[in-house]
Amino acid sequence: MKKIILAVLLVAATLSAKAWSTNYDKAVLLVASQSYSPETHNLVTEYVGKDHTRPSNHLAWHRRNGRHLETEGWHTLHLDQNLKHAAKDENDALVQIDKALEVIRNRELYDKSKVSFAIQTVMNLVIDMHNLSNVVIEDIPKSGTDFKLYISQCSVANRPIKWFEYSWKKLWTYRYQTFHGNNVYSPQMWSEDIVCMYGDKKAEFSAGTLQDWATDIGTYTKGVYDRLEKEEGRFIHKTVQEHEALHMECLARAAYRIAVLLNSNLK
């Protein structure tokens with residue numbers, strides 16, 4: 001019995017870690033690194049390592065190994081009814097990003113491991129706040145929870161639509177990666193697509209403050225929830241695929257915003 005329980009816990013830990021480490025994360029960090037200033041590039045290499053995508057599983061590793069367990073809730077972005085940042089405690093992405101940036105700006109006061117943790121935390125949480133399943137909006141009870149929705153396969157003429165249970169978290173974290181093939185579409189390929197689709201929006205996506213970005217992603221999230229409510233919790237295949245462009249845009253926004261934060265604070 002103990003062995004069974006241990007096996008279940010190990011599987012749960014693995015799934016938890018995967019939620020923090022995907023091809024998307026690595027692709028975003030690849031795109032971000034292309035916009036680092038030479039100084040930022042050198043400092044990220046010094047504190048993180050030559051592989052700038054390594055932080056993609058940073059917080060998951062700490063959670064899995066029983067360290068900094070409070071980080072479990074950090075990936076959530078809390079917004080009020082007006083889509084303004086509204087964190088009530090430290091279990092909030094923006095709160096932790098601000099704390100990490102304070103360490104980065106005053107890094108001469110901290111040891112190297114503390115600064116490294118802060119840089120990787122910024123990378124992780126900027127990505128996470130752009131994942132629609134991590135956004136909690138005050139007047140939308142379902143927001144921020146992993147609820148069931150229903151999606152259909154591609155409809156065929158003269159045949160009834162078949163509906164399948166799906167996960168809200170899975171939609172934004174795995175769906176498009178799985179659709180393109182986990183072992184076929186590499187992080188490098190995802191990063192190239194991000195730049196190809198949204199590279200000309202870099203300046204636009206980089207503008208504003210953390211609070212502006214929170215409202216920005218909240219607007220997208222509310223729009224999808226509104227559509228989901230209108231469709232009574234069901235998305236046909238066409239609707240799911242339409243959201244892939246939105247998903248890619250969120251990845252692009254995250255990438256260029258990571259670069260902005262690190263370039264302006266690693267001076």
Side-chain angles (χ1 to χ4, degrees), residues 19-20 24-25 28 32 59 70-102 104-105 121-149 167-173 175 198 201-235 239-240 242-262 264-265:
W20 292 72
Y24 298 144
D25 300 334
V28 167
L59 291 175
E70 66 272 25
T71 62
E72 183 173 356
W74 288 7
H75 63 283
T76 305
L77 175 66
H78 296 86
L79 304 173
D80 63 19
Q81 294 181 359
N82 298 313
L83 305 181
K84 302 295 184 183
H85 183 227
K88 296 179 180 178
D89 55 39
E90 294 196 341
N91 281 314
D92 176 83
L94 247 63
V95 169
Q96 294 303 330
I97 291 171
D98 275 330
K99 290 178 67 175
L101 291 174
E102 183 68 20
I104 293 170
R105 286 191 294 270
T121 296
V122 169
M123 291 175 168
N124 273 199
L125 295 185
V126 171
I127 294 173
D128 284 340
M129 69 178 277
H130 285 79
N131 183 325
L132 273 60
S133 67
N134 293 331
V135 180
V136 175
I137 303 175
E138 189 175 357
D139 62 343
I140 302 179
K142 278 187 175 181
S143 62
T145 61
D146 188 16
F147 60 89
K148 292 179 182 177
L149 59 103
S167 157
W168 178 249
K169 179 75 174 178
K170 190 175 180 180
L171 174 63
W172 300 108
T173 307
R175 168 68 187 188
Y198 296 105
K201 299 283 188 179
K202 175 180 174 180
E204 176 187 332
F205 291 171
S206 301
T209 66
L210 271 168
Q211 287 70 29
D212 294 332
W213 301 343
T215 298
D216 178 49
I217 197 65
T219 301
Y220 283 132
T221 305
K222 192 173 189 309
V224 177
Y225 272 113
D226 289 345
R227 184 167 183 180
L228 190 61
E229 183 178 12
K230 182 179 179 181
E231 301 295 333
E232 299 181 337
R234 300 187 175 202
F235 277 160
T239 303
V240 173
E242 285 174 357
H243 285 324
E244 182 170 11
L246 169 60
H247 179 267
M248 291 292 285
E249 183 173 333
C250 288
L251 296 180
R253 288 176 184 268
Y256 295 127
R257 289 166 178 176
I258 288 172
V260 167
L261 290 177
L262 294 185
S264 59
N265 288 278

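Numbering starts at 1 and runs along the sequence shown.
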Exercise for review: Would you name the heavy atoms of Tyr256 and Tyr198 that are closest together and state the gap between them?
Suggested key: CE1-O, 3.9 Å

Check your understanding: Listed by chain and number, what are the side-chain hydrogen bond (donor to acceptor under 3.5 Å, both in side chains) partners of Lys99, not counting sequence neighbours?
Key -> Glu90

Practice item. Ignoring hydrogens and angles, state whether a donor on the side chain of His85 or Asp92 is under 3.5 Å from an acceptor on the partner side chain. Key: yes

Point to revise | side-chain contact (heavy atoms from CB on, under 4.5 Å) partner of Trp74, the single match among Leu125, Asp128, Ile97 | key: Leu125

Check your understanding: Looking just at side-chain N and O atoms, do Glu249 and Tyr220 make a donor-acceptor pair shorter than 3.5 Å?
Key -> yes

Practice item. Could you tell me how the ring of Phe147 sits relative to the ring of Trp168: parallel (under 30°), tilted (30 to 60°) or perpendicular (over 60°)? Key: parallel

Practice item. List in chain and number order the residues that pass side-chain hydrogen bond (donor to acceptor under 3.5 Å, both in side chains) with Asn265, two or more places apart in sequence or in another chain; answer none if no residue qualifies. Key: Arg105

Exercise for review: State, with a plain yes or no, whether a side-chain heavy atom of Arg227 is found less than 4.5 Å away from one of Phe235.
Suggested key: yes

Check your understanding: So, Asp216 versus Thr219: side-chain donor-acceptor pair below 3.5 Å or not?
Key -> no

Review point. Excluding sequence neighbours, so at least two apart, what forms side-chain hydrogen bond (donor to acceptor under 3.5 Å, both in side chains) with Ser143?
Key: none

Check your understanding: Can you tell me if Asp146 and Ser133 form a side-chain donor-acceptor pair at under 3.5 Å?
Key -> no

Exercise for review: Determine, step by step, whether Glu231 and Arg234 satisfy the salt bridge (charged side-chain N to carboxylate O under 4.0 Å, His left out) criterion, reporting the C-alpha distance in whole Å, the side-chain angles of both residues, the deciding distance to 0.1 Å, and the verdict.
Suggested key: CA-CA 5 Å; Glu231 301 295 333; Arg234 300 187 175 202; over 6 Å; no

Check your understanding: Have Arg175 and His243 got a donor and an acceptor in their side chains that come within less than 3.5 Å?
Key -> no

Check your understanding: Can you tell me if Thr121 uses its side chain to pair, donor with acceptor, with the backbone of Ala100 under 3.5 Å?
Key -> no

Revision key, fill the gap. Between the CD1 atom in Ile127 and the CZ atom in Arg257, the distance rounded to the nearest 0.5 Å is 13.5 Å

Review point. More than 12 non-hydrogen atoms from neighbouring residues, nucleotides or ligands closer than 6.0 Å to CD on Glu229, yes or no?
Key: no

Practice item. Provide the closest heavy-atom pair for Ala32 versus Ala259 in the form atom of the first, atom of the second, distance. Key: O-CB, 3.7 Å

**Study point:** Validation row: Trp213, Arg253 side chains within 4.5 angstrom (heavy atoms)
**Key:** no

**Study point:** Residues Thr76, Val136; criterion side-chain contact (heavy atoms from CB on, under 4.5 Å); working and verdict
**Key:** CA-CA 7 Å; Thr76 305; Val136 175; 3.4 Å; yes

Practice item. Take Trp172 and Val224, measure what side-chain contact (heavy atoms from CB on, under 4.5 Å) needs, and give me the verdict at the end. Key: CA-CA 11 Å; Trp172 300 108; Val224 177; 3.9 Å; yes

Point to revise | Separation between CG of Leu171 and CG of Asn131, rounded to the nearest 0.5 Å | key: 9.5 Å

Study note, to complete from the structure: On a heavy-atom basis, the closest approach of Ile137 and Gly218 is CD1-O, 3.9 Å

Point to revise | Trace of the side-chain contact (heavy atoms from CB on, under 4.5 Å) decision for Leu261 with Leu210 | key: CA-CA 9 Å; Leu261 290 177; Leu210 271 168; 4.2 Å; yes

Review point. Who passes side-chain hydrogen bond (donor to acceptor under 3.5 Å, both in side chains) against His247, sequence neighbours left out?
Key: none

**Study point:** Heavy-atom check, side chain of His75 versus side chain of Gln96, under 4.5 Å
**Key:** no

Point to revise | Sequence neighbours excluded - salt bridge (charged side-chain N to carboxylate O under 4.0 Å, His left out) pairs with any residue from residues 136-145 | key: none

Review point. Taking only residues two or more places apart in sequence or in another chain, which ones pass salt bridge (charged side-chain N to carboxylate O under 4.0 Å, His left out) with Asp226?
Key: Lys222

Practice item. Report yes if some heavy atom in the side chain of Leu79 is under 4.5 Å from a heavy atom in the side chain of Thr215; otherwise report no. Key: no

Point to revise | Derivation and outcome, side-chain contact (heavy atoms from CB on, under 4.5 Å), residues Leu262 and Met123 | key: CA-CA 9 Å; Leu262 294 185; Met123 291 175 168; 3.9 Å; yes

**Study point:** side-chain contact (heavy atoms from CB on, under 4.5 Å) partner of Leu77, the single match among Leu94, Leu132, Val95, Asn134
**Key:** Leu94

